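Here the structure is a predicted model, which is why all the values come from computation and not from measurement. Atom set for the values below is all heavy atoms of this structure, side chains included, hydrogens, waters and symmetry mates excluded.
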Amino acid sequence: ASSIVARAKQQKVPVISYGRLVANADLDYYVSIDPYKVGQQQAQVLLQALKAQGKAKPNVVMINGAPTDSNAPPYKKGAHSIFTPAGVKVVKEYDTPDWSPDKAQTEMDQAITSTGAGNIDAVYVANDGMAAGVVAAMKGAHLDPATHPVTGQDAQVDGIQRILAGDQLMTVYQPIRKIAYASAELAVPLAQGKTPPPIATAKVNNGKKDVPSVLLPTISITKDNVESTVVKDGFAKPSQICVGAFKAACAKAGIH
């Protein structure tokens, strides 16, 4: 993508990096979430659940995202910034190519084999897709995800279903609509040759420069606030979530 930016800048066309940071490129703006804070949110919710179980210094497996994704390292660093001072022991940690659910399942199988199911209290998983593979591996090894909490991200329908069913602790909801609006607020004036509004109050270094950035806050989603967030916003509809075996869990959570 940096070559696309270089070509655009040759023609004096302004460029906004949306969702992911284009590295080593002369960007005008960057609009996204704050991935470091997302990792912190995931870790904080996980620790709260473990403390409620009386596990003060838990053993955690970490299934991180693809190392080729600019957001994956900050997710991981954010989680570690919470785990390390809390005395969490990371018994196994993987960077998962392509965010692959299948590879995440294989990694979790390996973690269970090498560490032992009895030595794992919880699993930090960077997104919902990989959480599907992790939960499958756990169930195959008779490791109950209801008592060994699993994190996620993206508020995918299957992730929300697992949360309602008790197979996943949480996910992170990215405010897609707000990210799109912020991008448009910058893009329209830029296209008109005008100065955009001063909404890019953050700076993110992409290896070439400190890029003026809009980093929007994300929301931790648990069983308690599915209805008041992703359902209320229309991001995921009850007709998508509350199907088959998940109808009862939806009713219990007040989702109709």
Side-chain angles (χ1 to χ4, degrees), residues 1 15-22 27-46 48 64-66 69-79 81-82 99 124-132 150-164 168-190 196-204 206 211-242 250 253-255:
V15 181
I16 299 168
S17 188
Y18 176 93
R20 291 295 185 274
L21 185 64
V22 181
L27 299 170
D28 291 272
Y29 291 100
Y30 171 48
V31 182
S32 188
I33 54 158
D34 186 333
Y36 184 82
K37 286 185 180 172
V38 170
Q40 289 184 316
Q41 283 178 314
Q42 293 168 315
Q44 282 162 343
V45 176
L46 190 62
Q48 284 166 4
N64 303 309
D69 184 330
S70 65
N71 277 2
Y75 292 144
K76 178 166 67 170
K77 284 178 189 167
S81 79
I82 300 297
W99 297 87
Y124 167 89
V125 189
N127 79 346
D128 291 341
M130 296 192 303
V150 176
T151 65
Q153 181 187 187
D154 295 329
Q156 286 184 191
V157 167
D158 64 318
I160 293 165
Q161 288 172 331
R162 283 192 297 277
I163 289 168
L164 293 173
Q168 186 173 319
L169 173 66
M170 61 84 72
T171 188
V172 177
Y173 175 40
Q174 300 188 15
I176 305 298
R177 200 177 287 267
K178 287 179 182 175
I179 296 170
Y181 278 131
S183 302
E185 275 191 76
L186 296 171
V188 172
L190 283 176
I199 60 172
T201 54
K203 296 267 194 224
V204 179
N206 71 341
V211 182
S213 303
V214 181
L215 301 177
L216 289 142
T218 47
I219 302 166
S220 296
I221 303 295
T222 63
K223 199 178 288 190
D224 297 332
N225 66 342
V226 168
E227 201 279 329
S228 63
T229 53
V230 292
V231 172
K232 187 181 175 186
D233 287 357
F235 183 77
K237 297 180 176 64
S239 58
Q240 297 171 294
I241 303 166
C242 307
C250 276
I255 300 168

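If you run side-chain contact (heavy atoms from CB on, under 4.5 Å) between Ile16 and each of Leu27, Val22, Val31, only Val31 comes through. Remark: of the listed residues Thr229, Val45, Thr151, Val45 is the sole one forming a side-chain contact (heavy atoms from CB on, under 4.5 Å) with Ser220.
If you take CH2 on Trp99 and CG on Asp69, they are separated by 5.5 Å, rounding to the nearest 0.5 Å. Here the straight-line distance linking atom OG1 of Thr218 with atom CD of Gln41 works out to 3.5 Å at 0.5 Å rounding. In this structure, CG in Leu164 is found 10.0 Å from OG1 in Thr222, a value given to the nearest 0.5 Å. In this structure, Ile176 CD1 and Tyr181 OH are separated by 13.5 Å, a value rounded to the nearest 0.5 Å. Residue Ser32 holds its OG atom at 7.0 Å from CG of Leu215, rounded to the nearest 0.5 Å. In this structure, Asn206 CG and Leu21 CG are separated by 5.0 Å, a value rounded to the nearest 0.5 Å.
Within a 6.0 Å sphere centred on CZ of Arg177, other residues, nucleotides and ligands contribute 12 heavy atoms or fewer.
Side-chain atoms of Asn127 never come within 3.5 Å of backbone atoms of Gln153 as a donor-acceptor pair (strictly under, hydrogens ignored). Gln40 places no side-chain N or O within donor-acceptor distance of the main-chain N or O of Gly78, the cut-off being under 3.5 Å. Put simply, the side chain of Asp154 never gets that close to the backbone of Gln156: no donor and acceptor are under 3.5 Å apart. A donor-acceptor contact shorter than 3.5 Å is absent between the side chain of Asn64 and the backbone of Lys76. Between the side chain of Gln168 and the backbone N or O of Ala131 there is no donor-acceptor pair closer than 3.5 Å. A donor-acceptor pair under 3.5 Å links the side-chain atoms of Gln42 to the main chain of Ala126, judged by distance alone. Using modelled atom types, no side-chain atom of Ser17 and backbone atom of Tyr30 make a donor-acceptor pair closer than 3.5 Å.
The shortest non-hydrogen separation linking Asp128 to Ala155 is OD2-N, 3.1 Å. The shortest non-hydrogen separation linking Tyr36 to Ser81 is OH-CB, 3.2 Å. Closest approach of Tyr124 and Ala79 over heavy atoms only: CE1-CB, 3.7 Å. Smallest separation of non-hydrogen atoms from Ile199 and Ala182: CD1-O, 3.8 Å.
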What do the steps show when you test Val214 against Tyr29 for side chain to side chain contact (heavy atoms under 4.5 Å, CB included), and what is the final call?
CA-CA 8 Å; Val214 181; Tyr29 291 100; 5.9 Å; no
The test is side chain to side chain contact (heavy atoms under 4.5 Å, CB included); show your working for Lys203 and Val211 and say whether it passes.
CA-CA 5 Å; Lys203 296 267 194 224; Val211 182; over 6 Å; no
Run the numbers on Cys242 and Ile255 for side chain to side chain contact (heavy atoms under 4.5 Å, CB included), then give the verdict.
CA-CA 8 Å; Cys242 307; Ile255 300 168; 3.8 Å; yes
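Here the side chains of Pro197 and Pro189 are in contact, with some heavy-atom distance below 4.5 Å. Here the side chains of Asn225 and Ile219 are in contact, with some heavy-atom distance below 4.5 Å. In this structure, the side chains of Val231 and Ile241 come closer than 4.5 Å at one or more pairs of heavy atoms. A heavy-atom distance below 4.5 Å is not found between the side chains of Thr171 and Arg162.
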